[in-house]
J.: 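Below are the structure tokens for one structure; questions will follow.
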Amino acid sequence: MTSSDGGSDQPWNQQRLRSTNERLLLERLRGGAASRAQLARETGLSKPTVSSALAALAAAGLVREAGTHTPERGRIAVLYAPDPAAGYALGIDIGRDWLRVALADLDGALVARADVRNRARTSGAMADLVVATAHGVVADSGVAPDKVAHAVVGTPGVYDAQARRVRYALHLPGWGRAGLFDRMRDELGVPLAVHNDANLAALGEHTFGVGAGSRLFVYVMIGTGLGMGIVADGRPFTGAHGAAGEIGFLPLSGRTEPDTLEDAVSAEAVVRAAHALGMTGPLTAKSVFEAARAGNPAAVAAVRQEGERLAHTVAAVAAVLDPDLVVLGGGVGHSADLLLRTVGDTLRRLTPLRPKVAASALGEDAVLLGAVATALGTARDVVFERRAAAPPA
């Protein structure tokens, strides 16, 4: 008979202790394979407790043998590591021109991916494209659908969880309709979270790119629109209502054209500047940057203007947030090598606050990899909780 004073012999306490020990070992193993003896030394758990927890994790398919280690003296030791195939995470990047979807195992390795032109003309068609592409990626991977533990979507705008809709996605007409993401969640059959694309790009850059190790950095996404993601101590800062970083809405005081920062710093701004400086014909930001690389004077001047305006953006961000790093990404950010010198020179004239400014290391994959990294964090918890909820063997 168990006592009624909350003692450690109560079954629920024993189960909670087992679960705590198993999670501790699993998190340690994510840092590298280890033997039973090594795990006991590093965690302070007894060797019998480690052996029992590893057996339970292995029986649940969460841990596997990962080779052996032969010490100078003593027995050969079996090494253990998390089983990356215990579950999977889905990352989805929804942009105006491209839809990117990737499936990753629990180690973060991509096992399948699709990049599809976004030709949808309505929000409903776009939702259909997301679902069909995601189903196709999972099917191509050979992974059983029920092993996909979590999905994360990156989208322009700010997701309002209470209203169940995206706000401020001005470049995706109709994307603010309520219920779109509920529909996608239901049709995918996977728990799904929605995040701002710039925030995810910042997290991707922190996990896989030049933001690794930075205490506080911002990712400025310059493309069809203008946005910013903020990562502080490894975590996204999104503000009271999720709108932190929506710098495109900042008004430009005393000006009538352009009216907002997004009007001044974006792909369309580069094209407008190139036309005003004498370039003719149909232009895109990409073609203007290519012409600048080739030495076209009007294109060079347009790119210089973009760099100067970006420097004003960085100066404002530096004064408010004091980041140690500013990463330039998005479509225009892909040509950051042409912008960095002008940004640096202009910053020196503008302000004594001069954070390091660097180009994104992830390019067009920043949002997608940020979505994968974010989904992985939840997927690992979900997979473990499924095991913890199962009756002990």
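Nothing here was measured: the structure is a model prediction, and the numbers come from that model.
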J.: Give the C-alpha distance, both sets of side-chain angles, the deciding distance and a yes or no for side-chain contact (heavy atoms from CB on, under 4.5 Å) between N13 and L17.
T.: CA-CA 6 Å; N13 270 332; L17 182 60; over 6 Å; no
J.: Please tell me if the side chains of V367 and H195 come closer than 4.5 Å, counting only heavy atoms from C-beta onward.
T.: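 V367 vs H195: side chains apart.
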J.: Taking the side chain from S52 and the backbone from P48, do they hold a donor-acceptor pair closer than 3.5 Å?
T.: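 No; zero donor-acceptor contacts below 3.5 Å.
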J.: Compute whether any side-chain donor of one residue and acceptor of the other, for E246 and H241, lie under 3.5 angstrom apart.
T.: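 On atom types as modelled, these side chains do not qualify, holding no pair under 3.5 Å.
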J.: Report yes or no: does K356 contribute a side-chain atom to a donor-acceptor pair with the main-chain N or O of V326 at less than 3.5 Å?
T.: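 No; zero donor-acceptor contacts below 3.5 Å.
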J.: To the closest 0.5 Å, what do you measure between CZ (F289) and CG (D337)?
T.: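 Here the interatomic distance stands at 9.0 Å.
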J.: Can you name the closest pair of heavy atoms from V166 and G157 and give their distance?
T.: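 So the two residues come closest at CG1-CA, 4.1 Å.
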J.: Is the side chain of T43 donor-acceptor paired with the backbone N or O of L39 at a distance under 3.5 Å, no angle test?
T.: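 Checked: pair present.
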J.: Using modelled atom types and a 3.5 Å cut-off, is there a donor and acceptor pairing between side-chain atoms of E262 and backbone atoms of G225?
T.: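 Looks like no, no N/O pair under 3.5 Å.
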J.: Distance-only, no hydrogens or angles: does the H275 side chain make a donor-acceptor pair with backbone N or O of G281 under 3.5 Å?
T.: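 Looks like yes, one N/O pair under 3.5 Å.
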J.: Using atom types as modelled and distance alone, determine if a side-chain donor or acceptor of N118 lies under 3.5 Å from a backbone N or O of M126.
T.: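 Between the backbone of M126 and the side chain of N118 there is no qualifying donor-acceptor contact (under 3.5 Å).
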J.: Contact between V137 and R113 at the side-chain level, heavy atoms closer than 4.5 Å - yes or no?
T.: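 No, side chains not in contact.
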J.: Does the side chain of D324 come under 3.5 Å of the side chain of S214 through a donor N or O and an acceptor N or O?
T.: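 Their side chains do contain a donor-acceptor pair, which is all the 3.5 Å distance test asks for.
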J.: For R185 and V190, what are the C-alpha separation, side-chain angles and deciding distance, and is it a side-chain contact (heavy atoms from CB on, under 4.5 Å)?
T.: CA-CA 6 Å; R185 186 180 292 112; V190 176; over 6 Å; no
J.: Is D345 paired with R348 through a side-chain N to carboxylate O contact shorter than 4.0 Å?
T.: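 Here R348 pairs with D345 in a salt bridge, since their nearest N and O are under 4.0 Å apart.
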J.: Looking at E364 and R100, is there a salt bridge between them, counting it only when a charged N and a carboxylate O are closer than 4.0 Å?
T.: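 Judged by the 4.0 Å cut-off on N to carboxylate O distance, R100 and E364 do form a salt bridge.
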J.: With a 3.5 Å distance limit and no angle check, can you tell me whether D105 reaches the backbone of D107 through a side-chain donor-acceptor pair?
T.: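 Looks like yes, one N/O pair under 3.5 Å.
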J.: In the structure I gave you, are the side-chain heavy atoms of F217 and P355 within less than 4.5 Å of one another anywhere?
T.: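 With C-beta onward as the side chain, the pair stays apart.
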J.: Using only heavy-atom distances, determine whether the side chains of Y159 and R167 contain a donor-acceptor pair under 3.5 Å.
T.: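 No - no donor-acceptor pair under 3.5 Å links their side chains.
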J.: So how far is it from E187 CD to L192 CG, rounded to the nearest 0.5 Å?
T.: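 It is 11.5 Å, given to the nearest 0.5 Å.
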J.: Mark yes when over 12 heavy atoms from residues, nucleotides or ligands other than R293 sit less than 6.0 Å from its CZ; otherwise mark no.
T.: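 Above 12, so yes.
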J.: Determine whether L90 and V152 make a side-chain contact, defined as any pair of heavy atoms from C-beta on separated by less than 4.5 Å.
T.: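 When only atoms from C-beta onward are counted, V152 and L90 do not touch, as no gap falls below 4.5 Å.
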J.: Under 4.0 Å between a Lys/Arg side-chain N and an Asp/Glu carboxylate O for D160 and R165?
T.: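 Judged by the 4.0 Å cut-off on N to carboxylate O distance, D160 and R165 do not form a salt bridge.
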J.: How far apart are the closest heavy atoms of A33 and A81, and which atoms are they?
T.: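 Distance-wise, the nearest heavy atoms are CB-CB, 4.2 Å.
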J.: Please check if the side chain of T351 supplies one atom and the backbone of L347 the other of a donor-acceptor pair under 3.5 Å.
T.: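 Such a contact is absent between T351 side chain and L347 backbone.
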J.: Measure the spacing between CG of L340 and CG of L328 and express it to the nearest 0.5 Å.
T.: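 Taking CG in L340 and CG in L328, the distance rounds to 6.0 Å.
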J.: Any side-chain heavy atom of L45 sitting closer than 4.5 Å to one from V50?
T.: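 Yes, close enough: below the 4.5 Å cut-off.
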J.: So, does S287 use its side chain to make a donor-acceptor pair with the main chain of L283 at under 3.5 Å?
T.: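 Looks like no, no N/O pair under 3.5 Å.
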J.: Does the side chain of N21 pick up a donor-acceptor pair with the side chain of R18 at under 3.5 Å?
T.: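 There is no such pair between these side chains.
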J.: Under a 4.5 Å cut-off applied to non-hydrogen side-chain atoms, are D197 and N199 in contact?
T.: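 No - every pair of side-chain heavy atoms lies 4.5 Å or more apart.
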J.: Evaluate I247 against T313 for side-chain contact (heavy atoms from CB on, under 4.5 Å), listing each step before the verdict.
T.: CA-CA 9 Å; I247 57 174; T313 304; 3.9 Å; yes
J.: Taking R386 first and then D381, would you say they form a salt bridge - that is, a charged N and a carboxylate O separated by under 4.0 Å?
T.: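 Between D381 and R386 there is no salt bridge, as every charged N stays at least 4.0 Å from the carboxylate O atoms.
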J.: Would you say CZ of R215 has more than 12 non-hydrogen atoms from neighbouring residues, nucleotides or ligands within 6.0 angstrom?
T.: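 Atom CZ in R215 is not crowded, with 12 or fewer foreign heavy atoms closer than 6.0 Å.
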J.: Might you point out which heavy atoms bring D83 and G61 nearest each other, and give the distance in Å?
T.: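 Closest pair (atom of D83, atom of G61, distance): CB-O, 3.5 Å.
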J.: Hey, is D182 close enough to R164 for a salt bridge, meaning N to O under 4.0 Å?
T.: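 Result for this pair is yes, salt bridge flagged.
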J.: Evaluate the ring planes of F181 and W175, with Trp represented by its six-membered ring, and classify them as parallel (under 30°), tilted (30 to 60°) or perpendicular (over 60°).
T.: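 Correct class here is perpendicular.
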J.: When you measure from the side chain of D365 to the backbone N and O of L368, does any donor-acceptor pair fall under 3.5 Å?
T.: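 No, the answer is negative, given that no donor and acceptor are paired below the 3.5 Å cut-off.
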J.: Give the minimum heavy-atom separation between V383 and A149, together with the two atoms involved.
T.: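 Heavy atoms of V383 and A149 come nearest at CG2-CB, 4.0 Å.
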J.: Return yes when atom NE2 of H334 has more than 12 non-hydrogen atoms of other residues, nucleotides or ligands closer than 6.0 Å, and no otherwise.
T.: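 More than 12 within 6.0 Å, yes.
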J.: Quick one about S360 and E205 (side-chain donor to acceptor, distance below 3.5 Å, no hydrogens or angles considered), yes or no?
T.: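 Indeed, the side chains of E205 and S360 share at least one donor-acceptor pair under 3.5 Å.
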J.: Yes or no on side-chain contact (heavy atoms from CB on, under 4.5 Å) for Y88 and S141, after CA distance, side-chain angles and deciding distance?
T.: CA-CA 11 Å; Y88 294 83; S141 72; over 6 Å; no
J.: Looking at M221 and G330, what are the two nearest heavy atoms and their distance?
T.: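 For M221 and G330, the tightest heavy-atom pair comes out as CG-CA, 4.1 Å.
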J.: Between S123 and R177, do the side chains contain a donor N or O and an acceptor N or O under 3.5 Å apart?
T.: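 Yes, S123 and R177 have a side-chain donor paired with an acceptor closer than 3.5 Å.
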J.: Is any side-chain heavy atom of L362 closer than 4.5 Å to a side-chain heavy atom of Y219?
T.: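 The answer is no; the side chains never approach within 4.5 Å.
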J.: Under 4.5 Å between any side-chain heavy atoms of R28 and E42, yes or no?
T.: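 Counting from C-beta outward, R28 and E42 do come under 4.5 Å.
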